[in-house]
Amino acid sequence: MKKLVLIVTVIFSLNGLVNAQISKFQAMYIYNFSRMVEWPNEYKDGTFQIGVIGNNVLMEELKDFTSNKKAGNQDINVVKFNDIADIEQCHILFIGGNMEKKFEEIYAKTNGHKTLVISEKSNLVDQGAAISFTIVDGKLKYYLNADNAKNRGLKVSSSLSNMALADK
């Protein structure tokens with residue numbers, strides 16, 4: 001019985017390490033997306049807001065990774081939204097996998113905003129997200145739906161399109 005408990009503990013610990021590593025790469029990607037997407041002029045003043053709902057590990061990784069960095073000329077502020085009702089205007093909104101079932105409600109909350117919606121589930125680019133992360137052969141990749149970004153008034157660079165698995 002003790003061996004079983006030890007094995008389960010090790011498996012959960014390794015899973016936690018893998019998830020933390022994925023979150024580090026997601027944070028790097030998201031920061032780079034901030035440099036490869038162009039927002040309208042009215043979004044180029046003030047603080048560059050990155051919102052996160054549904055992934056606390058990524059929230060901390062984003063804060064660490066963007067510390068002392070800028071998006072263009074704007075300081076970056078990472079905000080955690082605990083509830084859909086808390087979501088406010090931001091440049092980028094990351095939707096964690098555990099919020100996938102509430103995607104439509106979250107997406108509707110961002111209507112009228114020039115928000116780059118990024119999801120942790122690859123199928124959400126077909127439902128409105130501009131970018132969706134996925135794991136391919138053990139590596140973090142992403143799908144891009146440039147039309148979804150364009151519908152939000154955002155311009156996606158060709159390099160962002162070229163690096164995507166597919167531009168749907």
Side-chain angles (χ1 to χ4, degrees), residues 15-122 124-125 127-135 139-146 148-149 151-157 159-160 163-164:
N15 188 38
L17 289 172
V18 168
N19 288 338
Q21 196 65 19
I22 289 170
S23 292
K24 283 183 190 240
F25 285 113
Q26 287 174 328
M28 287 189 317
Y29 271 105
I30 291 169
Y31 171 70
N32 286 315
F33 296 155
S34 76
R35 299 171 30 198
M36 292 189 256
V37 173
E38 185 177 335
W39 279 263
N41 287 336
E42 65 268 21
Y43 278 67
K44 294 180 182 178
D45 291 326
T47 303
F48 189 93
Q49 294 280 102
I50 300 175
V52 176
I53 186 165
N55 188 324
N56 292 329
V57 176
L58 177 66
M59 170 71 181
E60 294 307 317
E61 292 296 342
L62 266 171
K63 280 186 173 184
D64 289 344
F65 192 81
T66 60
S67 177
N68 300 316
K69 288 185 174 79
K70 292 184 179 276
N73 294 326
Q74 297 171 279
D75 291 329
I76 297 173
N77 183 41
V78 181
V79 180
K80 171 74 174 158
F81 300 122
N82 294 314
D83 190 75
I84 296 170
D86 298 337
I87 296 173
E88 53 190 40
Q89 182 175 321
C90 50
H91 292 80
I92 295 174
L93 177 63
F94 178 84
I95 302 169
N98 60 334
M99 298 300 288
E100 177 184 15
K101 291 178 181 169
K102 297 182 180 183
F103 179 80
E104 288 182 30
E105 186 180 352
I106 294 167
Y107 190 76
K109 180 77 173 164
T110 66
N111 277 345
H113 299 285
K114 311 301 185 204
T115 301
L116 181 71
V117 177
I118 301 172
S119 72
E120 203 163 30
K121 299 291 183 180
S122 61
L124 294 181
V125 291
Q127 297 177 37
I131 297 172
S132 290
F133 286 116
T134 190
I135 304 293
K139 295 180 182 176
L140 185 66
K141 304 284 185 177
Y142 64 90
Y143 290 100
L144 170 69
N145 188 320
N148 289 346
N151 291 340
R152 292 291 180 110
L154 308 174
K155 291 182 185 176
V156 174
S157 74
S159 59
L160 183 63
M163 290 187 291

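We use all heavy atoms of the structure for the numbers below, so side chains are in, but hydrogens, waters and symmetry mates are not. These numbers were taken from a predicted model, which means no experiment stands behind them.
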For Tyr29 and Lys24, indicate whether the former's side chain and the latter's backbone hold a donor-acceptor pair under 3.5 Å.
no
Check whether NZ of the Lys or CZ of the Arg Arg152 lies under 6.0 Å from the centre of the six-membered ring of Tyr107 and within 45 degrees of that ring's axis.
yes
Which value, rounded to the nearest 0.5 Å, describes the distance between Tyr31 atom OH and Thr66 atom OG1?
9.0 Å
Taking atom types as modelled, find out whether Lys44 and Asn73 have a side-chain donor-acceptor pair closer than 3.5 angstrom.
no
Flag, side chain of Ser132 to backbone of Lys121, donor-acceptor distance under 3.5 Å:
yes
Can you confirm whether more than 12 heavy atoms, excluding those of Lys80, are under 6.0 Å from its NZ atom?
yes
Could you give the distance from CG (Leu154) to NE2 (His91), rounded to the nearest 0.5 Å?
9.5 Å
Output, in order, the C-alpha distance, side-chain angles, deciding distance and verdict of side-chain contact (heavy atoms from CB on, under 4.5 Å) for Ile106 and Leu93.
CA-CA 10 Å; Ile106 294 167; Leu93 177 63; 3.7 Å; yes
Test side-chain contact (heavy atoms from CB on, under 4.5 Å) on Phe65 and Leu58 and set out the steps.
CA-CA 10 Å; Phe65 192 81; Leu58 177 66; over 6 Å; no
Would you sort out whether Ile135 and Leu140 count as a side-chain contact (heavy atoms from CB on, under 4.5 Å), showing the intermediate values?
CA-CA 5 Å; Ile135 304 293; Leu140 185 66; 3.8 Å; yes
More than 12 heavy atoms of other residues, nucleotides or ligands under 6.0 Å from CD of Glu104: is that the case?
no
For atom NZ of Lys102, is the number of surrounding heavy atoms from other residues, nucleotides or ligands below 6.0 Å larger than 12?
no
